[in-house]
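In what follows, a structure is listed as structure tokens, so that the remarks can point back to it.
Protein chains get the first letters and strands the later ones, always in sequence-line order, with residue 1 at the start of each.
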2 protein chains.
Amino acid sequence: MKRSAGRAGDAHAIAERIHAAAIRLLRRLRKTDAASGLSGPKSSALSVLVFGGPQTLKDLAAAEQVRAPTMSRLVAELEGEGLATKTADKDDKRALRIAATAKGRALLEAGRDRRLDVLTRQVERLGGTERKVLRRAGEILARLNKEG
Amino acid sequence: MKRSAGRAGDAHAIAERIHAAAIRLLRRLRKTDAASGLSGPKSSALSVLVFGGPQTLKDLAAAEQVRAPTMSRLVAELEGEGLATKTADKDDKRALRIAATAKGRALLEAGRDRRLDVLTRQVERLGGTERKVLRRAGEILARLNKEG
DNA sequence: ATAGTTAGTTAGCAAAGCTAATAATATCGA
DNA sequence: TCGATATTATTAGCTTTGCTAACTAACTAT
């Protein structure tokens, strides 16, 4: 503990910086959405389906931290574009089994790559130390986000 | 999926993680907006006014990475709520001088604190090392966001 | 059997982003 | 100087994404 930057104010300042950085990062990346044909929320939901496997609308909504009606519409749009399928659950006929199609998987890859391209290239240009900082920060934030 | 990713895949994976973390973080924080009476975009714009001083609509829009009409509306709302003022520039009568009011400054503090409260407390609970990682990540991301 | 719960949808609203078009003012070049 | 071009901001109108409330269908438990 060499550097004594006030402990409490420190946490607040860090939260502010992370907050501001997240806002500006997403605004920046959103600009490429038009080209990909897959908006941020749809891309994100599809990503959950691809990497997390088929699941119910409720679970998908929870994973995306969004209400059921919002996810219901997103899924309907994904389905309309042939990127996801809805099938009734065998055991519980109320529930849906929502899955990504092959087309969805392919478009996801392309869209995400495009969306993340600028950021990826910026990260590539960083030195190993800074890159490591970002990787660890990503892990920490993911954990905090899960927490609640 | 590779486990020991090389340099290139590394950058991509880091970009993905940071991206996902930012999305989920903002969704999480947005939930407290209703209570504060100051939405994310308004809070952010007001913040620029408070910490960056009075400025034109064009500059404010640029700082927030948003188009002029969008910022025009946000400022009109802030003005309607008595949180900011618009005055014609002395030298250039086309331009506006947009400034935060005392009420705006006060509300900003309260709103931002509330919005960031959960995150601040999470950061407080982190160890010094992880806290340092987040602080440095915030700095790095701010730099990358500025870049482009 | 029926009362209550849970999963999903529909309808309707608000916020925040965009583009295109317009008004008012500045600036520049012939 | 004055007319053409730039710039600054606004208005109108559209889209996307979020929400709540109210509904149907299906499951669970008493």
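Going from atom CE of B/M71 over to atom C1' of D/dA9 covers 13 Å, rounded to whole Å. Atom CZ in B/R73 sits about 12 Å away from atom C1' in D/dT10, given to the nearest Å. For the pair B/L60 CG and C/dG17 P, the interatomic distance rounds to 12 Å; values are reported in whole Å. In this structure, B/R94 places its CZ atom 15 Å from C1' of C/dT22, rounding to the nearest Å. For A/L26 and C/dA16, the CG to C1' distance is 15 Å, given to the nearest whole Å. Atom CD in B/E64 sits roughly 12 Å away from atom P in C/dC18 (whole-Å rounding). Atom NZ in A/K42 sits about 14 Å away from atom C1' in D/dG18, given to the nearest Å. With rounding to whole Å, A/D92 atom CG is found 12 Å from C/dT5 atom C1'.
Using N1 to N3 plus N6-O4 or O6-N4 for Watson-Crick, or N1-O2 and O6-N3 for G-U wobble, each under 3.5 Å, C/dT25 pairs with nothing. Nucleotide D/dA6: unpaired (no Watson-Crick or G-U wobble partner with both distances less than 3.5 Å).
The listed nucleotides are C/dA15, C/dG8, D/dA26; the one nearest the side chain of A/A95 is C/dG8. Taking the side chain of B/L96 as heavy atoms from C-beta on, and the options D/dA9, C/dG8, C/dT10, the nearest nucleotide is D/dA9. Nearest to the side-chain atoms of A/K58 among the listed nucleotides C/dA7, D/dG18, D/dT8 stands C/dA7. Between C/dT9, D/dT8, D/dT17, one nucleotide has an atom nearer to the side chain of A/L57 than all others, and that is C/dT9. Considering only the side chain of A/V66, D/dG18 comes nearest among C/dA16, D/dG18, C/dT9.
Side-chain atoms of A/R28 and B/L144, non-hydrogen and from C-beta on, do get closer than 4.5 Å to each other.
Between B/S72 and the phosphate of D/dA9, there is no side-chain N or O to OP1/OP2 separation shorter than 4.0 Å. For B/K93 and C/dT25, the shortest distance from a side-chain N or O to OP1 or OP2 is not below 4.0 Å. Taking only side-chain nitrogens and oxygens, A/R67 comes nearer than 4.0 Å to OP1 or OP2 of D/dT20. Checking the phosphate oxygens (OP1, OP2) of C/dC18, a side-chain nitrogen or oxygen of B/T70 falls inside 4.0 Å. Of the side-chain N and O atoms in B/T56, none sit less than 4.0 angstrom from OP1 or OP2 of D/dT8. For A/K86 and C/dT9, the shortest distance from a side-chain N or O to OP1 or OP2 is below 4.0 Å.
Glycosidic conformation of C/dA14: anti, with the torsion beyond 90° of 0.
Residues A/R17 and B/E139 are not paired through a salt bridge, judged by the lack of any N-O separation under 4.0 Å between the basic side chain and the carboxylate. Ion pairing between a basic and an acidic side chain is recognised when a charged N comes within 4.0 Å of a carboxylate O; B/E130 and A/R143 show such pairing.
Checking A/E77 against B/D59, the closest nucleotide of DNA chain D that is more toward the 5' end is the one next to B/D59.
The residue B/D91 sits close only to the backbone: its heavy atoms come under 4.0 Å of sugar-phosphate atoms, none of a base.
Annotation for B/T56 and B/A95: closest pair CG2-CB, 4.2 Å, computed over non-hydrogen atoms. A/R131 and A/L126 make their closest contact through NH2-O, 3.5 Å (heavy atoms, listed as atom of the first residue, atom of the second, distance).
Looking at B/E64 and B/S44, their side chains do bring a donor and an acceptor atom within 3.5 Å of each other.
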